[in-house]
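Read the structure below first, then the notes.
Residue numbers count from 1 along this sequence. Numbering of ligands and ligand atoms starts at 1, following listing order.
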Amino acid sequence: MDNNNAIGIFDSGIGGTSIWSAIHDLLPDEKTIYLADSKNAPYGQKSKAQIIDLCIKNTDYLLQMDCKLIVIACNTATTNAIKELREKYTIPFIGIEPAIKPAALSSKTKVIGILATQGTLTSDLFNKTAGMFQTTKIIEQVGHGLVQLIEAGEINSEDMSLLLLSYLQPMIDADIDYLVLGCSHYPYLIPQIKKILPDHIHIIDSGEAVARQTKNLLREQVGFTNTKENESLFYTNTNPTVLKDILGKKYNVIEKEF
Ligand code: DGL
């Protein structure tokens, strides 16, 4: 594998661009190819077998473009399929999981909240991690409807505010001091969430941790690029308008079947 090849990144849609952004900030010279599988979003309500099949499809597409490593920028896909992907392929994978550990270790009230998809919260991998923090109460909430609204470009809509309030108020009442965003789409909701949460509640997501892990893997196994090409390509299999809106004009979005 050529170390000048791109880092491949995929998500069920546009949310994983929050992870791409952290990777791009930390590794600005690296070439990246991002797949937004928005046609199949949301993954969160699909079965494990369906999620694995979609991840295989995305991986095969990125491999056709000679990616040197793959970042699964989706908690639902990681928690349901990373083991199977690692067994099937030789290319290295980096996944994203809800940042329960830092939240549980830093919490003073010993009550934390997690907002994630149903697929993530019911996965074995998530439950194994959550089970390691027995002294912390973890309030789990499925973010029903949030991904659909984000994919539709309705980040600041009234419907979004009402849904978020209904999910977060019980956590506030239960005295959480950390809110874990366990879905890569949700960082786009932080301004909305901040309007609801009292100031003392910290919000954490896993974007920067994934970027650091990507850098370590490049250093230890795959190799950094030695060109200054640093192209960022984005593929989507639906109407590209919302993806273009969140990325801004600078980036090249390609609409394609995959
Ligand atoms: N962005 C994804 C995640 O991190 C998946 C959302 C979905 O497709 O349900 O879980």
Checking a contact table here: which protein heavy atom is nearest atom 10 (O) of ligand 1, and how many Å away?
T76 OG1, 2.5 Å
Would you say Q192 and N156 make side-chain contact, with heavy atoms under 4.5 Å?
yes
Mind checking whether N75 contacts ligand 1 via backbone (N, CA, C, O), side chain (CB onward), both or neither, at a 4.0 Å heavy-atom cut-off?
both
Note: S12, heavy atoms under 4.0 Å from ligand 1, region reported as side chain
Polar proximity ligand 1 side, T120 side, N/O cut 3.5 Å exclusive
no
Hits for salt bridge (charged side-chain N to carboxylate O under 4.0 Å, His left out) against E158, two or more places apart or cross-chain, chain-then-number order -> none
Could you list the atoms of ligand 1 found under 4.0 angstrom from a heavy atom of T117?
6 (C), 9 (O), 10 (O)
Among I196, L149, D159, exactly one meets side chain to side chain contact (heavy atoms under 4.5 Å, CB included) together with L164. Which residue is that?
I196
Any heavy-atom pair between the side chains of L181 and L179 that's under 4.5 Å?
yes
Give a yes/no on ligand 1: does C74 have at least one heavy atom closer than 4.0 angstrom to it?
yes
Proximal atoms of ligand 1 relative to D11 (non-hydrogen, under 4.0 Å)
1 (N), 2 (C)
Protein heavy-atom partner closest to atom 1 (N) of ligand 1 - residue, atom, separation in Å:
H185 ND1, 2.7 Å
Would the number of heavy atoms belonging to other residues, nucleotides or ligands and lying under 6.0 Å from NZ of K48 be above 12?
yes
Is any side-chain heavy atom of V147 closer than 4.5 Å to one of C183?
yes
How close does the nearest protein non-hydrogen atom get to atom 7 (C) of ligand 1, and which residue and atom is it?
Y43 N, 3.3 Å
Do the side chains of K128 and E97 get close enough for a salt bridge, i.e. N-O under 4.0 angstrom?
no
Among all the protein's non-hydrogen atoms, which is closest to atom 9 (O) of ligand 1, and how far away is it?
G44 N, 2.8 Å
Is I96 touching ligand 1 with its side chain, its backbone, both, or neither, if touching means heavy atoms under 4.0 Å apart?
neither
Side chain to side chain donor-acceptor pair (under 3.5 Å) for Y43 and D37? Distances and angles first, verdict last.
CA-CA 9 Å; Y43 283 9; D37 190 15; 2.5 Å; yes
